[in-house]
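Here is the structure we will look at, set down as structure tokens.
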Amino acid sequence: MKRVLSGVQPTGDVTIGNYLGAIKRFVDFQETTESFFTIVNLHAWTVPQDPAVLREKTINLAALYLAVGLDPNKSTIFVQSDVPEHSELAWLLQCMAYFGELGRMTQFKDKSDGKQNVTVGLYTYPVLMAADILLYQADQVPVGDDQKQHLELTRDLAERFNNRFGEIFKIPEPLIAEFGARIMGLDDPTKKMSKSAPSPFNRITLADTPDEIKSKIMKAITDTENEIRYDPETKPGISNLLTIHSLFSGESIEQLVERFQGQGYGTLKKDLVEVVVNHLQPIQERHRELLASGEVLNVLKHGAERARAVAATTLQAAKEKMGLVL
Ligand code: TYM
């Protein structure tokens, strides 16, 4: 059986970009693969955090994993910092990674651009991500488009290690959806939707109320043509709304374009509000119930035990090869 691993940072509020590009897809993988889904709280510390908020967001994200349908009997759900092997392998891999290749990471360049006191953690972030993946011998890693370069680095590091020390790590494949791997910002459809964009009108979060969803979608930037057509190059706003609709409703883009032909953008937007609200409401209800139940910490404890068993075996093998076991 193939192994799948993916992770999400417990920072900001999870957006429908995170959901459609990654989390929603996790649910399908757990049926057919041996799946590991982690909450990468060590990655969160590459930028300043409030400890109490980080703790709350970590539990919140775990509850969200469960609320969208991840089943702890089918998937291993765990918090990154509960498995210390991640940090240890990250160190070993840092000693294989080159300064130059990390400097070429576009996410590092974007996040550090113009900032003072950029941490070393932000720089070595992708190496920790490689450790997350390689520890579990993952065959496949479902992620959004923005993680592609980090996956390439992961593969390079695994190959470099294997060439030097023998076959220790499986070379993982990124699984980037053909459609929906890059949901764009509602306030600027030329840039990706992001948890950390300054304006809340950039994104719909999984915690948004129906009124918030409505006002964000109705204000979404489109164009002046008023013709519903899918063309991400020339009509990024409307194409993004069609993409979001299609991924939530299951209707194809062609069906949507036909159904809304001759109607204004307002009609499409109103329909999209209904589709998103109806999809998110049961998730939000279940999320509230899970948080109230106190079940989440238990799931994470068992998840960490299962994850550690796998991670420890890989780490031990890597350490033996490197002369670190006496
Ligand atoms: P993070 O927390 O920024 O995002 C979580 C997932 O959401 C995807 N995503 C998007 N997909 C479509 N449209 C968007 N606008 C959009 N924005 C975000 C991301 O690609 C990601 O799949 N480095 C990772 C976390 C990580 C990880 C890992 C992932 C750490 N270790 C190991 C996979 C395997 C990150 O910061 O994701």
Side-chain angles (χ1 to χ4, degrees), residues 3-26 29 35-47 54 57-58 60-61 64-65 68 76 78-81 83 86-87 89-90 93 105-108 110-111 121-122 124-155 157-158 170 172-197 202-206 232 236 240 243-244 247-248 307 311:
R3 275 220 187 128
V4 159
L5 177 133
S6 196
V8 178
Q9 291 197 59
T11 48
D13 284 319
V14 171
T15 70
I16 58 167
N18 302 129
Y19 179 63
L20 299 173
I23 303 171
K24 184 168 179 278
R25 303 167 60 221
F26 296 173
F29 289 112
S35 326
F36 294 82
F37 299 113
T38 177
I39 295 145
V40 292
N41 57 346
L42 296 172
H43 276 105
W45 267 110
T46 52
V47 294
L54 178 61
K57 289 212 181 275
T58 303
N60 223 285
L61 180 54
L64 188 66
Y65 275 3
V68 303
T76 300
F78 68 101
V79 175
Q80 187 186 33
S81 66
V83 183
H86 289 241
S87 307
L89 182 62
L93 293 174
M105 295 290 121
T106 53
Q107 226 173 52
F108 171 74
D110 292 347
K111 287 192 179 177
L122 189 67
T124 59
Y125 168 123
V127 183
L128 178 59
M129 178 163 166
D132 298 339
I133 297 166
L134 300 178
L135 274 176
Y136 298 90
Q137 308 287 3
D139 298 280
Q140 296 173 322
V141 184
V143 281
D145 178 67
D146 60 345
Q147 298 300 318
K148 203 171 168 182
Q149 201 186 20
H150 292 161
L151 257 299
E152 278 159 17
L153 177 82
T154 302
R155 289 166 60 90
L157 290 176
K170 184 79 67 63
E173 297 280 343
L175 286 182
I176 297 169
E178 270 180 42
F179 185 63
R182 195 173 180 82
I183 300 296
M184 309 309 276
L186 298 180
D187 61 344
D188 178 358
T190 62
K191 299 207 176 88
K192 73 160 189 172
M193 182 179 285
S194 135
K195 284 183 209 138
S196 55
N202 168 269
R203 57 188 163 266
I204 295 171
T205 79
L206 263 62
N240 191 37
T243 301
I244 296 170
L247 288 165
F248 274 114

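Both counts, for ligands and for their atoms, begin at 1 and track the order of listing. Sequential numbering from 1 along the given sequence is applied to the chain's residues.
Between atom NE2 of residue H150 and atom CD of residue Q107 there is a gap of 4.5 Å, rounded to the nearest 0.5 Å. Remark: Q147 CD to L175 CG distance equals 13.5 Å, nearest 0.5 Å. Distance check, rounded to the nearest 0.5 Å: OG1 of T11 to CD1 of I39 gives 12.0 Å. Note that CD1 of I16 and NZ of K24 are 11.5 Å apart. Values are rounded to the nearest 0.5 Å. The CZ atom of F36 lies 4.5 Å from the CZ atom of R3; values are rounded to the nearest 0.5 Å.
Below 4.0 Å from some heavy atom of G21 lie the following atoms of ligand 1, by number and element: 11 (N), 12 (C). Taking every non-hydrogen atom of S6 and a distance limit under 4.0 Å, the qualifying atoms of ligand 1 come out as 33 (C), 34 (C). Every atom of ligand 1 with a heavy atom of H43 under 4.0 Å away is listed here by number and element: 30 (C), 31 (N). For ligand 1, the atoms closer than 4.0 angstrom to any heavy atom of V141 are 33 (C), 34 (C). Taking every heavy atom of V8 and a limit of under 4.0 angstrom, the matching atoms of ligand 1 come to 2 (O), 5 (C). If you number the atoms of ligand 1 from 1 as listed, the ones under 4.0 Å from a heavy atom of V143 come out as 22 (O), 29 (C), 33 (C). Annotation for ligand 1: atoms under 4.0 Å from non-hydrogen atoms of L5 are 32 (C), 34 (C). Shown in contact with I133 at under 4.0 Å from a heavy atom are these atoms of ligand 1, numbered in order with element: 32 (C), 34 (C).
Between the side chain of N202 and the backbone N or O of S194, at least one donor-acceptor pair lies under 3.5 Å. A donor-acceptor pair under 3.5 Å is absent between the side-chain atoms of H86 and the main chain of L128, judged by distance alone. With S6 contributing its side chain and P142 its backbone, the two residues share a donor-acceptor pair below 3.5 Å.
At least one N or O atom of Q147 sits closer than 3.5 Å to an N or O atom of ligand 1. Ligand 1 has no nitrogen or oxygen under 3.5 angstrom from a nitrogen or oxygen of D145. For a threshold of 3.5 Å applied to N or O pairs, the pair formed by D132 and ligand 1 contains at least one separation below that value. For the pair Y125 and ligand 1, the shortest N or O to N or O distance falls below 3.5 Å. Distances between N or O atoms of M193 and those of ligand 1 include at least one value under 3.5 Å. Distances between N or O atoms of G17 and those of ligand 1 include at least one value under 3.5 Å.
At a 4.0 Å heavy-atom cut-off, ligand 1 touches R182 through the backbone alone. Heavy atoms of T15 found under 4.0 angstrom from ligand 1: none, in either backbone or side chain.
Considering only non-hydrogen protein atoms, atom 20 (O) of ligand 1 sits nearest to D146 OD1, 2.4 Å. For atom 7 (O) of ligand 1, the nearest non-hydrogen atom of the protein is N18 ND2, 3.1 Å. The single protein non-hydrogen atom nearest to atom 3 (O) of ligand 1 is K195 NZ, 4.0 Å, given as residue, atom name and distance. Nearest protein heavy-atom neighbour of atom 13 (N) of ligand 1: I183 N, 2.8 Å. Atom 22 (O) of ligand 1 has its closest protein heavy atom at G144 N, 3.1 Å. Looking only at heavy atoms of the protein, atom 6 (C) of ligand 1 is closest to A22 CB, 3.7 Å.
When A131, A181, G7 are checked for heavy-atom proximity to atom 12 (C) of ligand 1, A181 turns out nearest.
Of all heavy-atom pairs spanning A307 and V83, the tightest one is CB-CG2, 4.0 Å.
When K111, K192, R182 are each tested for a salt bridge (charged side-chain N to carboxylate O under 4.0 Å, His left out) with D146, only one passes: K192.
Between D13 and K57, at least one side-chain nitrogen of the basic residue sits less than 4.0 Å from a carboxylate oxygen of the acidic one, meeting the salt-bridge criterion.
A side-chain N or O of T15 and one of N18 form a donor-acceptor pair less than 3.5 Å apart.
Taking the six-membered ring for Trp and thresholds of 30 and 60 degrees, F26 and Y65 have ring planes more than 60 degrees apart, a perpendicular arrangement.
By the 4.0 Å heavy-atom criterion, G180 is counted among the residues contacting ligand 1.
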Taking it one step at a time, do Y136 and T76 satisfy side-chain contact (heavy atoms from CB on, under 4.5 Å)?
CA-CA 11 Å; Y136 298 90; T76 300; over 6 Å; no
